[in-house]
Amino acid sequence: MFTRAIVRIPGSNFDAGLTSVDYGAPVYERVIEQHRRYCEALVECGLEVTTLEADLRFPDSTFVEDTAVLTARGAVLTRPGAASREGEVDAIRPAILSFFPAPLTIEAPGTVDGGDICEAEDHFFIGLSHRTNEEGARQLAAHLAGFGYTSSTIDVRAMTTILHLKSGISYIGDDTLVVMEEMAANDAFHFFKLIWVSEEESYAANCVRVNDRVLVAAGFPKLTADLSARGFAPVLLEMSEFQKMDGGLSCLSLRF
Ligand code: CIR
């Protein structure tokens, strides 16, 4: 069960952030409206939401998930792999300290983006990506082991269609992983029930279990139907403007 979330309002320069896709520029009015609805959904799922002001120094800073790994047993502040995002950790530190007084850290040359970290009960999958490097993964695995969690790495560096591990998989509780087709054969996922996401719906593989509900991007009817058929309760959220900047649902909040 989560009780809280931290989010950050997107800045008016949100369109100056990093992106690898070519879906056009985000429309700020829609960004704000989609973000507002996302926050409202977190509240509907029972969370108390801490909302941070927009930070124009960092156009990608609404993607707060990348700055920390928050667990029931302790927190780790990350060291994001994109140079333009490094300062986001200092910016969010005070908010995290108010809930986790002594977070651990990732030190250079290690880099970790929270989007690469997938918690599945007491095990963490750590994605090796173009943002999370081997040294960062090693430091994080050691911190997690200290908290009593196991972890393993999944290398997604050769997958050109995803930015982070969690762009392609999500753990939604009840021993169930939502997995994009391209990754579903990975032996690492053997122990889980899998919900496959077809190639044309792969953006929706990034979904988020929040208490009794699963937040899912709107516009992906097959995955939504599969979730419902398996007894999950999807909440559909418009994500078009965040998708234009390579962002998924999970990256818009830190949940704990
Ligand atoms: C970036 O490239 O860093 C941002 N434009 C998107 C980050 C998305 N974060 C995530 O999926 N966890």
Side-chain angles (χ1 to χ4, degrees), residues 5-28 30-31 34-35 38 42 52 54-70 76-89 91-92 96 106 111-119 124-133 136-137 140 154 156-157 159-171 178-180 183 197 202-210 215-217 237 239-256:
I6 299 174
V7 300
R8 187 185 287 287
I9 304 281
S12 52
N13 59 351
F14 175 68
D15 61 351
L18 302 169
T19 188
S20 65
V21 292
D22 196 10
Y23 299 147
V27 177
Y28 189 57
R30 277 189 226 144
V31 174
Q34 291 180 3
H35 193 265
Y38 178 91
L42 294 178
L52 307 177
D55 186 339
L56 298 178
R57 294 170 302 165
F58 306 110
D60 278 315
S61 57
T62 193
F63 299 119
V64 289
E65 175 180 62
D66 292 321
T67 61
V69 177
L70 304 181
V76 180
L77 293 170
T78 63
R79 187 165 174 273
S84 65
R85 302 197 58 191
E86 246 184 76
E88 290 181 29
V89 173
I92 205 164
I96 299 216
I106 302 294
T111 60
V112 171
D113 272 19
D116 279 313
I117 315 307
C118 177
E119 179 175 4
F124 283 74
F125 294 111
I126 302 175
L128 290 174
S129 69
H130 297 295
R131 299 290 178 85
T132 296
N133 65 16
L140 180 64
I154 309 252
V156 299
R157 286 173 291 195
M159 295 182 65
T160 52
T161 58
I162 59 174
L163 176 65
H164 291 125
L165 174 66
K166 270 194 298 193
S167 320
I169 67 167
S170 307
Y171 180 69
V178 173
V179 188
M180 66 191 277
M183 295 180 77
V197 184
S202 66
Y203 174 73
N206 178 272
C207 46
V208 187
R209 173 79 182 259
V210 187
L215 310 184
V216 190
L237 294 170
M239 286 292 292
S240 61
E241 306 314 291
F242 297 103
Q243 188 174 8
K244 290 174 180 174
M245 303 307 289
D246 274 337
L249 277 167
S250 68
C251 46
L252 289 179
S253 60
L254 283 161
R255 304 152 299 277
F256 54 103

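Predicted model only: the values in this text are computed from it and were never measured. In listed order, ligands and their atoms are each counted from 1.
Judged by distance alone, with hydrogens and angles left aside, the side-chain atoms of Thr132 form a donor-acceptor pair with the main-chain N or O of Asp113 at under 3.5 Å. Asn13 places no side-chain N or O within 3.5 Å of a backbone atom of Pro59 that could act as its donor or acceptor partner. Looking at Asp15, its side chain never comes within 3.5 Å of a backbone N or O of Tyr28 through a donor-acceptor pair. Side chain of Thr78 to main chain of Gly114: no donor-acceptor pair is present (N/O by atom type, distance under 3.5 Å, no hydrogens or angles). Of the possible donor and acceptor atoms, one in the side chain of Glu241 sits under 3.5 Å from a partner among the backbone N and O of Val27.
A donor and an acceptor atom, one from each side chain of Ser250 and Glu65, are located under 3.5 Å apart.
If you check which protein heavy atom lies closest to atom 4 (C) of ligand 1, you get Asp60 OD1, 3.3 Å. Taking atom 6 (C) of ligand 1 as the reference point, the nearest protein heavy-atom neighbour is Met245 O, 3.3 Å. Scanning all protein heavy atoms for the shortest distance to atom 10 (C) of ligand 1 gives Cys251 CB, 2.9 Å. The protein atom (non-hydrogen) at minimum distance from atom 9 (N) of ligand 1 is Asp66 OD2, 2.9 Å.
Residue contacts with ligand 1 for Leu18 involve both N, CA, C or O and side-chain atoms from C-beta outward (heavy atoms, distance under 4.0 Å). With a heavy-atom cut-off of 4.0 Å, Leu163 touches ligand 1 through its side chain alone.
Between Asp246 and ligand 1, not a single N/O pair is under 3.5 Å apart. Residue Ser250 places no N or O, backbone or side chain, under 3.5 Å from any N or O of ligand 1. Looking at ligand 1, you won't find any N or O of Gly17 less than 3.5 Å from one of its N or O atoms. Considering both main-chain and side-chain atoms, His164 comes within under 3.5 Å of ligand 1 through a nitrogen or oxygen pair.
Numbered from 1 in the order shown, with element, the atoms of ligand 1 that lie under 4.0 Å from a heavy atom of Glu65 read 12 (N).
Salt bridge Arg85/Asp66: present, at least one basic N to carboxylate O contact under 4.0 Å.
By the 30° and 60° cut-offs, the orientation of the rings of Phe242 relative to His35 is tilted.
Distances from atom 2 (O) of ligand 1 to the heavy atoms of Lys244, Arg85, Glu88, Arg131 show the closest one on Arg131.
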